[in-house]
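To start, the structure itself, in C-alpha cells.
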Amino acid sequence: MNKENKNEAALRAAQLREKINEHNYRYHTLDDPRISDHEFDALMSELITLEHRFPGLRVSGSPTQKVGGEPLLEFLPLEHRVPMLGLDNAFQREELREFDGRIRRSAGLGEVEYICELKVDGLAVSLQYEEGRFVRGATRGDGFTGEEITENLRTIRQLPLMLAEPATVEVRGEVYIGRDDFKKLNEKRLREEQPLFANPRNAAAGSLRQLHSRITASRPLRIYLYGLGEHRLPVSTQAGLLGYLEKLRLPVNRERMLCRNIEEAAQFCSGWARRRRELPYEIDGAVIKVNDLSLQERLGSTARSPRWAIAFKYPPEEKTTRVRDILVNVGRTGAITPVAVLEPVFISGSTVQRASLHNEDILAEKEVMIGDTVVIRKAGEIIPEIVRVLKEKRSGSEKAFRMPDRCPSCGAAVARLEGEAARRCFNPSCPAQVVERLVHFASRRAMNIDTLGPAMAELLWREGLVRDLADLYYLKASSILDLKLKGIREKTVANLVGAIAESKARPLHRLLFGFGIRFVGERAARLLAEHFLTLERLRRAGVEELTAVAEIGPEIAGAVRRFFEAPETAVLLEKLKEAGVNFSEPAPGDAAAGERALEGKTFVFSGTLQRLTRSEAAELVAGQGGAVSSSVGRKTDFLVAGDRPGSKLNRARELGVTVLDESAFFELLESPG
Ligand code: IVH
C-alpha cells in the first residue's frame, strides 16, 4: 500500500467526517438540511469505502460508527467527576420570588439576570468528549456513580461522535422520546404483543438501558444538552454556554429565554404551562438558572442541588370524575384485571370512560370504591389512570369492591401465581378466554379470518357452536342460519365459512402465533416455525432444543412446553389435523400456494422504514415468495424507499423500477394481487 495514497485517504476521510458531521447536525438538530439525501448518502458511502480500504481510518469518532457490535453482559459503573445534582422544585410564583430573594441577598444585587429553559421529561445523561471525540457516556445513577451506556448513546442520531472543535468537555443533557414517536413505538409494540411503555419517559429510560445497542438504535431517542460537568471552556454565562454547545454542534433546545429579573422568568414559566401541548415532546416544567457563571459558583450547591437553579414544575392535566362501577375483565391468558367504569370526561385530547386498575394490589393501594369521586390523568398523556380518591367527597353510599375468587366468566376458582401481580383463571375452556382467543386466532396477523370479529366470536360461543379454536373448522353455514338470529344474513355466514376454510392453508407460523401461547408473539412464532418446519417436530422439541434457536429464551421455551404438555392441546391439535389445517412452514423456495403472491418479484430496500426494520421487511417479502436484493438492477421489480433512500432511488428511477413508499409497500403485501 502506497504511503502517499494512504495519506491522501486519511485527509479525504477527515474532510468527509467533517462534512457528514455538519450535515448530520443540520438534518437532525437544526431541521434545516442543505444537501439532498442523495448527496448525503454519496458522502457517507465514500467514507465507508475509504474506511473499508484503510481500516486504520475507521476511528471511533467516525459517523459510520453509530451502531456497535456485540451486546454487553452488564453495565459498568462510571463515576461522575462532578456529581450530577438534582433541582429544587417550585410550584407557585411565590416560591420563585423567595428563590430570587435568597440569591439577591447573597449576591448583594438589586436584580439578577436569569436564563429560562424547558424541563424536558426524559432521562439525565452525561457525555464525555476528548479532543472533540465522543469517548464515554453514562446515566445519572445516584448522582455520583452512573451506568456506562456509551454504545447506546452513540446510536442517538442527533449526537455527533465528533464535535465541531477539538474540545475536551463533559456535557449533560436529557434524553427523551417525542410524543408522536412514542405513539408509534407503542403501536408497534402492541402489534408485536410486547408490553406497552406507560409514558415517553419510561420508554426513553428502557431504550437507553439495553445491553444490545442495536435495540437502542431502533428506538427514536432524541437529546438536548443543557449543561456541563468537567470543562475548561471560554464561557462566562449560561446563555453563552448554550451558544457554545450549539457551536460545537450539540443539540440545544431553542426554546429558552434570557430574563432581566424573576418576574420575566415567571412569565416564561406560566406561558409554557399554557402552551406546553404545542411542543412535540413532553415537559414537566421549566428550569430557571442564574445566568452569570461566576455568580453560580459563588452561590454553590447543597448536597442535593445547586442554589443557583430551580425547577418550576407543572402539574399533569388532571380531572375529577365519578367511578360508576368496577368490572373485571378476563383476558386471553386468563388474567383478571379490574377496570373502573367512569363518567365520561374529556382530558388531554380525548374522552375517557374507563381506567384500568391494573391488579388487586394497585386497587388496594388506591382504595377505590364504587361511587367514589376520583382524580384521573393520562399517564404519559395516553393511558388513563386514577391518581387518587377524593375521600372527602364520600357520602357513605360508596360500595367497596372485592376481587372475585371465582372467574366472572366461567365461575372457576381464580388464583395468583407466585411472583405475579394478576389473578388468573386457569380454566382453559373459560368462555371469556375462549372468545378472546378466538378473536386473536382470527386476527389479521394470525389466521386472518377477517369476518370473525368479537361480536361473531361471542355469538358462536354463546350458541354453543364453538368451544375451542378447532371447532371453527367444523362450523356449517346451516347450523348458524338455523339459529334464525336477527341481523345474521346468509351472505355474512357464507363469507365467514369461506374465510375459515381458506385459513386452513396458512403457514405454520401464523397458526402458532394464533394459538396465543404466552410470550410467543409474531416474531417468536416465525423463528420457531422456520426452525422446526413442522408442528410435529416443534411439539417434540425439549427446552434445550427450543432455546438453541436464536432469540428464543427460557421463558418462551417454557411456555411452549407447557402449551404442548396441556391435555387439551392434544385434543385441539388432533381436531385441527382432522379438519385439514396446515401444520407446516414452507421451507425457503417451497412455499404453499396462496402465500407466494410475490413469486418472481425482486425487492430492494433503501433508507429507514418507520414501522419495520429492513430485515423484518425482507422477511415479509420472503414469506410471500419474493426475493430481496441489496442493489438496484435491471431485474429489480420494486424499490421500497424509506427515509433518506439515497442513491438507490435515483438508480431505480433511471431504470424505471417501480418505487413504493412504506405505506404502498404494506398495501402490496396485504393485497399483492
Ligand atoms: S439543570 C445542576 N436544565 O431535570 C443542575 N435540568 O432534577 C442540573 N432537566 O433529571 C439540572 N431539563 O436531567 C437542568 N434544562 C434543564 C433540564 C434539566 C431537564 C432534568 C435533569 C434532571 C432533572 C433535575
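Residues: numbered from 1 along the sequence shown. The structure displayed is predicted, hence computed values, not measured ones. All ligand and atom numbering here is 1-based and tracks the order in the structure.
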How far does OG1 of T237 sit from NZ of K289, to the nearest 0.5 angstrom? 12.0 Å
For atom 7 (O) of ligand 1, the protein heavy atom that lies nearest, with its residue and separation: L87 N, 3.1 Å
For atom 6 (N) of ligand 1, what's the nearest protein heavy-atom neighbour? Residue, atom name and distance, please. Y226 CZ, 3.5 Å
Tell me, which protein residue and heavy-atom name are nearest atom 2 (C) of ligand 1, and how many Å apart are they? P306 CG, 3.5 Å
Below 4.0 Å from ligand 1: does a non-hydrogen atom of R172 turn up there or not? no
Can G227 be said to touch ligand 1, with heavy atoms closer than 4.0 Å? no
With a 6.0 Å cut-off on the ring centroids, do Y176 and Y224 count as close? yes
Taking only Lys NZ, Arg NE, NH1 and NH2, and the carboxylate oxygens of Asp or Glu, determine whether E420 and R518 approach each other closer than 4.0 Å. yes
Any atoms of ligand 1 less than 4.0 Å from a non-hydrogen atom of L85? List them with their elements. 8 (C)
For the backbone of Q92 and the side chain of E95, can you confirm whether one donor and one acceptor N or O come within less than 3.5 Å of each other? yes
Exam field: side chain S62 to backbone V59, donor-acceptor pair closer than 3.5 Å: no
Which residue holds the protein heavy atom closest to atom 20 (C) of ligand 1, what is that atom called, and what is the gap in Å? E174 OE1, 3.3 Å
Row check, Y314 ring normal vs R276 NZ/CZ: under 6.0 Å, within 45°: no
Within less than 4.0 angstrom of ligand 1, does V125 place any heavy atom? no
Considering only non-hydrogen protein atoms, determine which one is nearest to atom 3 (N) of ligand 1 and report residue, atom name and distance to 0.1 Å. K289 NZ, 2.9 Å
